[in-house]
Enquirer: 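Sharing a structure, written as structure tokens. Questions coming.
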Amino acid sequence: GRMAVPLYIRNEYFRGVMLADKSAHILEFKYKGETISVYEESTLIFCLHYHLESKFKAEILDFYLIDKNLRGKGYGTVCMNEILEQLNKKRVTMVKAPLGYAKLPDGYASREQYEALLSGFYEKTGFSIGGDLDTAIQILN
């Protein structure tokens, strides 16, 4: 199977964040293996799966906001920024993420709309779109 690279991140902690509308929220981050779940008032709001290809290289497999109604409020951005910061603290230096998934998530009119939104999200969270246009890459320093 795949080689497992242990990453020691505190399993659970709370973090206060400001969303796009300047409202304050307390989010709970739970790290379990290569899955990160984020809760607000014990409701799961965001989930991200990644794979450590090596000690320094992480690949995001997928991530999603659980509730479509939370889209566009800034939850994804604050969650992604926090997760990247934690990975960086663990000396991960490069993060790759796919530019979209085979299955179009609910609530998007077209693949173009979805991919445009996703590229915007990646750029906002510090990624750049790879030359082959199917991967977003971020070098953490």
Side-chain angles (χ1 to χ4, degrees), residues 2-141:
R2 298 192 305 200
M3 230 183 70
V5 185
L7 248 202
Y8 301 101
I9 293 180
R10 269 181 313 158
N11 288 348
E12 299 181 17
Y13 59 89
F14 289 92
R15 172 64 52 110
V17 299
M18 295 295 267
L19 294 189
D21 64 0
K22 301 285 182 276
S23 57
H25 296 255
I26 305 265
L27 302 181
E28 183 179 11
F29 288 78
K30 293 189 179 185
Y31 290 76
K32 187 168 194 247
E34 297 185 324
T35 296
I36 303 163
S37 309
V38 186
Y39 296 81
E40 182 169 33
E41 292 172 355
S42 67
T43 301
L44 180 62
I45 57 164
F46 181 87
C47 202
L48 181 146
H49 304 281
Y50 69 94
H51 169 59
L52 276 183
E53 288 178 32
S54 74
K55 207 162 148 186
F56 305 109
K57 212 162 137 189
E59 181 173 9
I60 292 172
L61 304 175
D62 71 349
F63 63 89
Y64 41 90
L65 277 171
I66 309 301
D67 180 351
K68 291 208 289 275
N69 301 318
L70 295 179
R71 275 186 201 150
K73 293 183 171 20
Y75 281 100
T77 302
V78 296
C79 292
M80 182 65 86
N81 285 335
E82 168 61 28
I83 290 163
L84 292 169
E85 193 178 309
Q86 292 299 325
L87 290 175
N88 189 13
K89 280 186 186 157
K90 303 300 158 197
R91 296 211 288 278
V92 169
T93 52
M94 181 179 150
V95 182
K96 280 193 329 197
L99 254 194
Y101 302 98
K103 184 178 167 293
L104 190 65
D106 280 356
Y108 291 103
S110 66
R111 175 151 296 280
E112 288 68 37
Q113 182 205 17
Y114 167 56
E115 288 179 357
L117 197 104
L118 207 52
S119 333
F121 172 76
Y122 280 133
E123 285 172 352
K124 200 162 49 179
T125 50
F127 286 83
S128 28
I129 307 309
D132 48 9
L133 297 182
D134 63 356
T135 313
I137 290 176
Q138 181 162 172
I139 305 298
L140 303 173
N141 44 21

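What's counted below: heavy atoms across the whole structure, side chains too, no hydrogens, waters or symmetry copies. Everything numeric in this text was worked out from a predicted model, so none of it was measured.
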Enquirer: Does a side chain donor of either Tyr13 or Glu82 reach within less than 3.5 Å of an acceptor in the other side chain?
Expert: yes

Enquirer: Measure the spacing between OH of Tyr39 and CD1 of Ile66 and express it to the nearest 0.5 Å.
Expert: 8.5 Å

Enquirer: So, taking the atom named OG1 in Thr35 and the one named CG in Leu48, what distance separates them when rounded to the nearest 0.5 Å?
Expert: 8.5 Å

Enquirer: Quick one: closest heavy-atom pair of Gly76 and Leu65, and the distance?
Expert: N-CD2, 4.4 Å

Enquirer: Quick check: do Val78 and Arg15 have side-chain heavy atoms less than 4.5 Å from each other?
Expert: no

Enquirer: To the nearest 0.5 Å, what is the distance between OG (Ser128) and OH (Tyr122)?
Expert: 12.0 Å

Enquirer: Please find the pair of heavy atoms, one from Ala97 and one from Phe127, that lie closest to each other, and give the distance.
Expert: CB-CE2, 4.3 Å

Enquirer: Starting at OG of Ser119, measure out to NZ of Lys124 and round the result to the nearest 0.5 Å.
Expert: 12.0 Å

Enquirer: Please name the pair of heavy atoms, one in Ala58 and one in Leu52, separated by the smallest distance, quoted to 0.1 Å.
Expert: CB-CD2, 3.8 Å

Enquirer: Quick one: does Glu115's side chain get under 4.5 Å of Leu99's, heavy atoms only?
Expert: no

Enquirer: Does Glu12 offer a backbone N or O that forms a donor-acceptor pair with the side chain of Glu28 under 3.5 Å?
Expert: no

Enquirer: Looking at Thr125, is its backbone amide N or carbonyl O close enough to the side chain of Gln138 to form a donor-acceptor pair, meaning the two atoms are under 3.5 Å apart?
Expert: yes

Enquirer: Measure the shortest side-chain to side-chain distance between Tyr75 and Leu27 over non-hydrogen atoms and say whether it is less than 4.5 angstrom.
Expert: yes

Enquirer: Counting N and O atoms only, with roles assigned by atom type, does the side chain of Ser23 sit under 3.5 Å from a partner on the main chain of Leu19, one being a donor and the other an acceptor?
Expert: no

Enquirer: When you compare the side chain of Gln113 with that of Leu117, does any pair of heavy atoms fall below 4.5 Å?
Expert: no

Enquirer: Just so I know, are the side chains of Arg71 and Tyr108 near enough to count as touching, which here means a heavy-atom distance under 4.5 Å?
Expert: yes

Enquirer: Does any non-hydrogen side-chain atom of Phe46 lie less than 4.5 Å from one of Leu70?
Expert: no

Enquirer: Kindly indicate whether the side chain of Ile36, heavy atoms from C-beta on, has any atom under 4.5 Å from the side chain of Tyr50.
Expert: yes

Enquirer: Below 4.5 Å, heavy atoms only, C-beta onward: do Lys73 and Asp21 meet side chain to side chain?
Expert: no

Enquirer: Do Val95 and Ile60 pass the side-chain contact (heavy atoms from CB on, under 4.5 Å) test, and can you show the C-alpha distance, the side-chain angles, and the key distance before you say yes or no?
Expert: CA-CA 7 Å; Val95 182; Ile60 292 172; 3.7 Å; yes

Enquirer: Taking atom NE2 of His51 and atom CD of Glu34, what is their separation to the nearest 0.5 Å?
Expert: 6.0 Å

Enquirer: Do the side-chain N and O atoms of Gln86 and Tyr31 include a donor-acceptor pair separated by under 3.5 angstrom?
Expert: no

Enquirer: Using 0.5 Å steps for rounding, measure from the CG atom of Leu140 to the NZ atom of Lys89.
Expert: 12.5 Å

Enquirer: Judged by atom type as modelled, is there a donor-acceptor pair below 3.5 Å linking the side chain of Asn88 to the main-chain atoms of Leu84?
Expert: no

